[in-house]
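So the structure is just underneath, and the comments pick up after that.
On a predicted model such as this, the values are computed, not experimentally measured, just so you know. Per chain, numbering begins at 1; letters A, B, ... match sequence-line order.
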Amino acid sequence: MTIIEKIFSRACGKKVKPDEYIWANVDIVAMRDFGGPNVVQEFEGNFNNAPVFDNKKVVITFDLHIPPRDEKVARNQQILRRFAREKGVKLFDVNTGVGQHILMENGLIKPWHIVIGTDSHMNLLGAIGAAGFGMGTTDIAGALYKGKLWFKVPRTIKIIINGILKYPVTAKDVILYILKNLTTSGALNRAIEFTGETIKMMSFDERITMASMVTEMSGDIGFIESDETIYEFLRTHNVENIEPINADDDAEYEKIYEFDITSLRPQIACPHSPDNVVDVADVAGRKIDQVFIGSCTNGRFEDLKIAAKILEGKKVNNNVRLIIVPATMEVAQQAEQAGFYKIFLHSGAVVVNPGCSLCTTGHPGILAPGEVMVSTSNRNFIGKLGKGGEVYLASPATAAASAVRGVITSPMELWN
Amino acid sequence: MELNSVNNNLIYRGRVWRFGDDIDTDQIYPGKYLPLTDKSEMAKHAMEGTDRGEEFLKNVKSGDIIVAGKNFGCGSSREHAAIAIKGAGISLVIAESFARIFHRNCVNTALLTLELKEAKEINDGDILEVNIASGEIKNITQGKVYKAEPISELERSIINAGGLLNYLKSEYR
Ligand code: SF4
């Protein structure tokens with residue numbers, strides 16, 4: 001069986017097949033400051049004062065509008081704080097960071113878990129062998145009540161990646177290259193399993209980058225073949241009794257793709273689609289106004305580290321705003337200890353408190369019409385960051401190099 | 001006839017509104033109407049963001065059928081999209097494929113969907129007769145018959161209960 005088939009089979013106590021509809025118990029139900037208040041409204045509207053199915057399995061995270069930018073957002077956060085108190089569920093407030101990362105760093109997610117939440121990128125939990133799914137308001141409200149939900153078992157695609165990555169080429173370049181090949185509908189309603197020598201050499205942080213962008217291929221979930229790198233992360237984040245999960249040798253895949261990334265150069269997704277991918281060199285020189293380094297896709301320690309390496313002793317170009325946002329407080333503290341904050345602040349970057357920040361509209365950092373941004377986030381649809389703005393998606397290395405030069409720049413040029 | 005319930009003999013007969021590939025939820029239900037909460041108000045904006053939104057809203061009749069291409073309902077997960085389509089009187093949405101969350105929202109709000117590989121062969125204005133339980137789709141206008149994957153037992157039980165939350169409420173407790 002494939003990984004998703006194994007997880008669902010265990011959760012519903014029988015052997016499941018792709019395309020089958022099943023009910024399964026969920027291990028964690030997560031809500032965030034955006035979408036969460038609607039869930040509370042729907043829950044209370046339908047079930048009055050009912051308790052949640054298990055208060056240890058419900059988590060609320062604040063990661064989008066933190067601290068609140070206006071009264072409406074403040075009131076929404078107030079609703080969630082009240083709900084958390086009444087139901088006795090754990091709430092991570094404005095000083096923590098991106099929800100999925102917070103769940104992992106707090107040891108709440110284990111391999112084999114089924115996790116649902118109100119964000120579109122819950123599936124990055126596949127990096128540690130958990131099945132994370134973004135869901136709508138009704139789904140979450142129903143699961144809060146009963147602790148179970150219906151699923152359609154996805155078919156699985158296997159992606160084998162071989163070749164040794166050479167800095168400053170990183171996981172983001174690999175996943176953009178795969179997106180270019182599979183396109184934004186290439187994994188529609190499918191699970192993906194990533195494996196191969198490139199994957200095995202990737203750090204925990206790089207694996208998160210890979211898994212997070214399965215959403216952009218319309219995939220349900222992207223699993224990364226588990227090994228010591230993942231177990232090490234779990235152990236150091238208070239997860240006990242780790243039960244590894246990997247696919248069986250005779251697992252059946254709908255399709256198998258193989259990529260060799262040995263000669264891969266830095267990649268960039270041009271406006272307005274994440275699969276509109278070219279070599280950075282092909283669009284080098286294009287003038288930019290803003291750079292964002294962060295998000296659930298590229299806001300971890302390794303991401304900040306490579307940005308710091310490029311920014312060290314340099315200044316952000318006068319015509320560019322560079323905004324750096326660690327994914328979580330833990331990452332921010334590590335970055336501070338490693339001396340990255342000093343480098344960032346001296347380079348002229350704006351460093352924002354941990355969270356989702358410029359991944360989406362609604363947070364300070366919106367573009368004016370006609371402005372161009374290089375972002376390390378995962379989406380660049382029209383209007384994603386303000387009407388008329390254009391967003392390019394790239395790695396933290398490309399983003400940092402572009403911030404220094406003021407034009408789209410391959411990190412190869414600033415790498416020594 | 002009771003709309004949106006599934007039993008073995010129920011046949012839906014309706015006129016087709018044809019849409020293309022990758023119709024996202026912002027076209028189905030533009031973001032500027034997200035604050036609306038009244039379902040009949042929401043229905044007044046169904047499909048409004050598509051290239052034929054105005055024509056659709058002026059002429060759509062109760063029982064009509066939407067037929068679309070690949071990845072129908074992609075983009076943001078707003079449930080308003082399914083609610084508005086149902087409110088506009090659409091009995092059934094047939095597409096080559098659906099985006100996962102949109103499909104979930106349809107089941108959860110009791111809007112019928114069927115996946116049909118040959119959806120593109122169906123033309124705008126065709127009259128269809130659809131047996132939801134068996135998945136048989138007769139194109140009366142073109143004289144063709146298709147077999148879609150029938151709706152699953154699980155979807156059927158949720159839709160017949162009137163949506164996910166009603167289903168969970170009515171279940172043993
Ligand atoms: S960074 Fe963006 S995609 Fe990731 S969790 Fe936050 S809002 Fe969602």
Check your understanding: Taking atom CD of A:Glu252 as the centre, does the number of heavy atoms from other residues, nucleotides or ligands within less than 6.0 Å exceed 12?
Key -> no
Review point. Is there a side-chain contact between B:Leu168 and A:Lys148 (heavy atoms, below 4.5 Å)?
Key: yes
Check your understanding: Is there a side-chain contact between A:Met135 and B:Arg100 (heavy atoms, below 4.5 Å)?
Key -> yes
Point to revise | Straight-line distance of B:Glu149 CD to A:Asp19 CG, nearest 0.5 Å | key: 7.0 Å
Check your understanding: Which heavy atom in A:Leu188 sits nearest to a heavy atom in B:Ser97, and how many Å separate them?
Key -> CD2-OG, 3.2 Å
Point to revise | A:Asn189 portion near chain B, given a 4.5 angstrom heavy-atom threshold | key: side chain
**Study point:** Within 6.0 angstrom of B:Asp38 CG, more than 12 heavy atoms from elsewhere
**Key:** yes
Review point. Within a radius of less than 6.0 Å around NZ of B:Lys39, do more than 12 heavy atoms belonging to other residues, nucleotides or ligands occur?
Key: no
**Study point:** Side chains of B:Asn105 and A:Thr138 in contact at under 4.5 Å (non-hydrogen atoms)
**Key:** no
Check your understanding: Where does A:Phe47 contact chain B at under 4.5 Å (heavy atoms): side chain, backbone, both or neither?
Key -> side chain
Practice item. Could you look at A:Ser218 and say if it's the side chain, the backbone, both or neither that has a heavy atom under 4.5 Å from chain B? Key: side chain
Check your understanding: Do B:Ile101 and A:Phe133 come within less than 4.5 Å of each other through their side chains, counting heavy atoms only?
Key -> no
**Study point:** Option that, when pairs with chain A are counted at under 4.5 Å, heavy atom only, ranks first among B:Thr109, B:Asn166, B:Asn71
**Key:** B:Asn71
Check your understanding: Quick check: are there more than 12 heavy atoms from other residues, nucleotides or ligands sitting under 6.0 Å from NZ of B:Lys70?
Key -> no
Review point. In terms of heavy-atom contacts, does NZ of A:Lys72 have more than 12 from other residues, nucleotides or ligands at under 6.0 Å?
Key: no
Point to revise | B:Glu54, CD atom: more than 12 neighbouring heavy atoms under 6.0 Å | key: no
Review point. Are any non-hydrogen side-chain atoms of B:Glu153 and A:Tyr21 less than 4.5 angstrom apart?
Key: no
Review point. Just wondering, do B:Val107 and A:Trp150 contact through their side chains at under 4.5 Å, heavy atoms?
Key: yes
Check your understanding: NZ of B:Lys138: more than 12 outside heavy atoms within 6.0 angstrom?
Key -> no
Revision key, fill the gap. So, the part of B:Phe98 with a heavy atom under 4.5 Å from chain A: the answer is backbone
Review point. Side chains of B:Leu164 and A:Leu149: does their closest heavy-atom pair fall under 4.5 Å?
Key: yes
Exercise for review: Answer yes or no: does atom CD of A:Glu20 have more than 12 heavy-atom neighbours from other residues, nucleotides or ligands under 6.0 Å?
Suggested key: yes
Study note, to complete from the structure: Here the pair of heavy atoms bringing B:Glu79 nearest to A:Asp139 is OE2-N, 4.4 Å
